[in-house]
Amino acid sequence: MTKTILKALAGETQAVPPIWMMRQAGRYLPEYRATRAEAGDFLSLCYAPDLAAEVTLQPIRRYGFDAAILFADILLLPQALGAELWFETGEGPRLSTITTPAELAKLGGKDDIHDRLAPVYETVRILARELPRETTLIGFAGAPWTVATYMIAGRGTPDQGPAHALKAADRATFAALIDLLSEATIEYLSAQVAAGAEVIKLFDSWAGSLKGQDFTDFALEPAHRIIAALKERHPGLPIIAFPREAGERYIGFARATGADCVAIDNSVSAEWAAEHVQKDGCVQGNLDPSLLVSGGERLIEETRRVVRAFSGGPHIFNLGHGITPDADPENVARMIEAVRAR
Ligand code: CP3
């Protein structure tokens, strides 16, 4: 039996689309909050293989999603390269900044990451053993641009201003950072696949803020390079790309990068994406995550609308972005029922 997610990624149209959710292991679940409290803090949870595997499995047990996504964070890679990383409670990530050639030179190379990331690979190995046989295991990394925006600013930023500023002021240093991240990401993801990840997803959450040639140079090209290298090392490996808020630049992104599937955010309509993006292959998305907070009849109607819009081609049902901590776990069950009751 081929797993439903792998069928979709191979281009198969299915009567009931497979389903998983970005951030499906997270604070909206009481069992996640309990395990996180046991770990102490978020980063300790990421680096404790037994507990990270446990929170990865929680939404699978509760809802029977078709895929599990490794519990980790895109900012573990910069930490493995030598950046300092911590999370300010209620605010988000903080990192030591990289804005000069000297700071860049202090980072490790692409092959120096594995000692630090060994617990993540161990989490993958546990999951490959313990997941139900019908559930697909997804590994992931942040795309170079998105990770660079955090490394340059030292935190999350609404408009990625500091990264755009460095790109304008010192393009060589900026491009060297993107290069290092591209190479390190290939090694990191390759190690996840060796440990048992069956599908890889590349998160470019801030791709939408790259304009014109910058989008080609720093979103499309790095994705192409990473995907080509991974597919050379792991023939047949399915890869999902998520150039969030790419808008019209979603069109042709799969073909240009070699991705098997493009994840669509909810700033574009499912009908538009079905017409313009799904003709190139599998798409993933794109229910508005705020509907899992508000619930009600609109949640059901919008869920059905997304399923219907993408029903003519290969589709993995998902949200347009991560589920938020204020979402109601009951609404997740209602959404899944609406997807599967067909
Ligand atoms: O999807 C999953 O469930 C897999 C695990 C995962 C996490 N982060 C866990 C997490 C994945 C794939 C990510 C990706 C990630 N991390 C992205 C790209 C995707 C996106 O959401 O745009 C980004 C930008 C980050 C960086 C990051 N990590 C931020 C900005 C924050 C703070 C915001 C917040 O929600 O608190 C995190 C923390 C984080 N990563 C949490 C989780 C479950 C919340 C931590 C907690 O308090 O328990």
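Read the numbers this way: they start at 1 and go in the same order the structure lists the ligands and their atoms. Keep in mind that the numbers below use all heavy atoms, side chains included, and drop hydrogens, waters and symmetry copies.
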Exercise. Has the side chain of Tyr250 got a donor or acceptor atom that lies under 3.5 Å from a matching backbone atom of Asp265?
Worked result: yes
Problem set entry | Pairing of Arg61 and Glu31 as salt bridge, 4.0 angstrom limit | no
For this session: Over 60° means perpendicular and under 30° means parallel, so classify the ring planes of Phe242 and Phe203, tilted if in between.
Result: perpendicular
Problem set entry | Geometric N/O contact Arg23 with ligand 1, under 3.5 angstrom | yes
For this session: Among all protein heavy atoms, pick the one closest to atom 14 (C) of ligand 1 and tell me residue, atom and distance.
Result: Ile74 CG2, 3.7 Å
Seminar exercise, completed: For Ala72, the ligand 1 atoms with a heavy-atom partner under 4.0 Å come out as 5 (C), 6 (C), 7 (C), 8 (N), 9 (C)
Exercise. If you count the atoms of ligand 1 from 1 in the order shown, which ones are under 4.0 Å from a heavy atom of Leu70?
Worked result: 4 (C), 5 (C)
For this session: May I ask you to identify the nearest protein heavy atom to atom 37 (C) of ligand 1, giving residue, atom name and distance to one decimal place in Å?
Result: Phe87 CE2, 3.5 Å
For this session: To the nearest 0.5 Å, tell me how far Met22 CE sits from Asn318 CG.
Result: 4.5 Å
For this session: May I ask you to say whether Glu198 pairs ionically with Lys3, meaning some side-chain N is under 4.0 Å from a carboxylate O?
Result: yes
For this session: Mark the output for Gly322 as yes if a heavy-atom distance to ligand 1 is under 4.0 Å, and as no if none is.
Result: no
Exercise. Under 3.5 Å, is there a donor-acceptor pair between the side chain of Gln278 and the main chain of Gly313?
Worked result: yes
Exercise. Has Tyr32 got any heavy atom lying under 4.0 angstrom from an atom of ligand 1?
Worked result: yes
Problem set entry | From the candidates Arg36, Arg27, His321, the one that places a heavy atom nearest atom 21 (O) of ligand 1 | His321
Problem set entry | Residues forming a ring pair (Phe, Tyr, Trp, His ring centres under 6.0 Å) with Phe42, sequence neighbours excluded | Phe71, Phe87
Exercise. Can you tell me which residue and heavy atom of the protein come closest to atom 19 (C) of ligand 1, and the distance to 0.1 Å?
Worked result: Ser205 OG, 3.2 Å
Exercise. Counting only N and O atoms by type, is there a donor-acceptor contact under 3.5 Å from the side chain of Glu187 to the main-chain atoms of Ile113?
Worked result: no
Exercise. Which residue and non-hydrogen atom of the protein lie closest to atom 11 (C) of ligand 1, and at what distance in Å?
Worked result: Phe140 CZ, 3.7 Å
Problem set entry | Whether Ala25 lies under 4.0 Å from ligand 1, heavy atom | yes
Exercise. Taking 4.0 angstrom as the limit, do Arg334 and Glu337 come out as a salt bridge?
Worked result: no
Seminar exercise, completed: In this structure, atom 16 (N) of ligand 1 is nearest to the protein heavy atom Asp73 OD1, 3.0 Å
For this session: Return a yes/no value: protein heavy atom under 4.0 Å from atom 33 (C) of ligand 1?
Result: no
For this session: With sequence neighbours excluded, tell me which residues meet ring pair (Phe, Tyr, Trp, His ring centres under 6.0 Å) with His164.
Result: Trp145
Seminar exercise, completed: For Gln24, the atoms of ligand 1 under 4.0 Å from one of its heavy atoms are 3 (O)
Seminar exercise, completed: Rounded to the nearest 0.5 Å, the CD1 atom of Ile69 sits from the OG1 atom of Thr136 at a distance of 12.0 Å
For this session: Give the numbers and elements of all ligand 1 atoms closer than 4.0 Å to a heavy atom of Tyr150.
Result: 24 (C), 30 (C)
Exercise. Near Phe71, which atoms of ligand 1 are under 4.0 Å from a heavy atom of that residue?
Worked result: 43 (C)
Seminar exercise, completed: Ranked by distance from atom 45 (C) of ligand 1, the top protein heavy atom is Phe42 CD1, 3.4 Å
